[in-house]
Amino acid sequence: MALVWNDNMELGIPTIDAQHKKLVELCGEAFDLSKEIEDGKDYYDDITMILTEIKKYTVEHFEYEESLMKEAGYANLLDHEMEHTFFVKKIEKLNKKEYDEPQEQKEFILNLSQVLFDWLSHHILETDKKYVETLK
Ligand SMILES: [Fe+2]
Ligand SMILES: [Fe+2]
């Protein structure tokens, strides 16, 4: 499955759509990196960089979304926040040791980009979609 933005993910709230697109792009960048990986080279720094960016941008996006939901008095705020927290923990749990060795790096980044993309698209399509009426 290609890790690209799909118009179904569009919620019609421009700031949020832009942030979602950026997150999907970062998954795509991770996926692209997996394809560039050549034997005998060390991609430790590249992987750390993209992972750090994904983490940072995810936290920013979740904080933004949560502030809008709070402002709008969204009823499912707590459940939604829990899903966000779960995802941040999932990213934080990734251990640098998992991609320390060059021979582990291709599979690590390929798997990571796919898992993140699946989680994100599912979250946008199922969970984020539910707040659209309240936030608009
Ligand atoms: Fe979101
Ligand atoms: Fe969300």
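Keep in mind that what you see is a predicted model, and the values were worked out from it rather than measured. Atoms within each ligand, like the ligands themselves, are counted from 1 in listed order.
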query = When you check the space around the Fe ion (ligand 2), which protein N, O or S atoms turn up under 2.8 Å?
reply = Glu65 OE1, His80 NE2, His84 NE2, His123 NE2, Asp128 OD1
message = With heavy-atom distances below 4.5 Å as the criterion, would you say the side chains of Glu10 and Trp5 are in contact?
response = yes
key: For the student: nearest non-hydrogen atoms of Asp128 and Ile124, plus distance   = CB-O, 3.5 Å
key: N/O/S atom name from His20 that is nearest to the position of the Fe ion (ligand 1)   = NE2
message = Tell me whether the rings of His123 and Phe62 are parallel (<30°), tilted (30 to 60°) or perpendicular (>60°).
response = tilted
task = State, to 0.1 Å, how close Gly12 and Asp17 come at their nearest heavy-atom pair, and which atoms those are.
result = N-OD2, 2.9 Å
task = Consider only side-chain N and O atoms of His84 and Glu66, and report whether a donor and an acceptor are under 3.5 Å apart.
result = yes
key: Mutual orientation of the aromatic rings belonging to Phe87 and Trp119 [parallel < 30°, tilted 30-60°, perpendicular > 60°]   = parallel
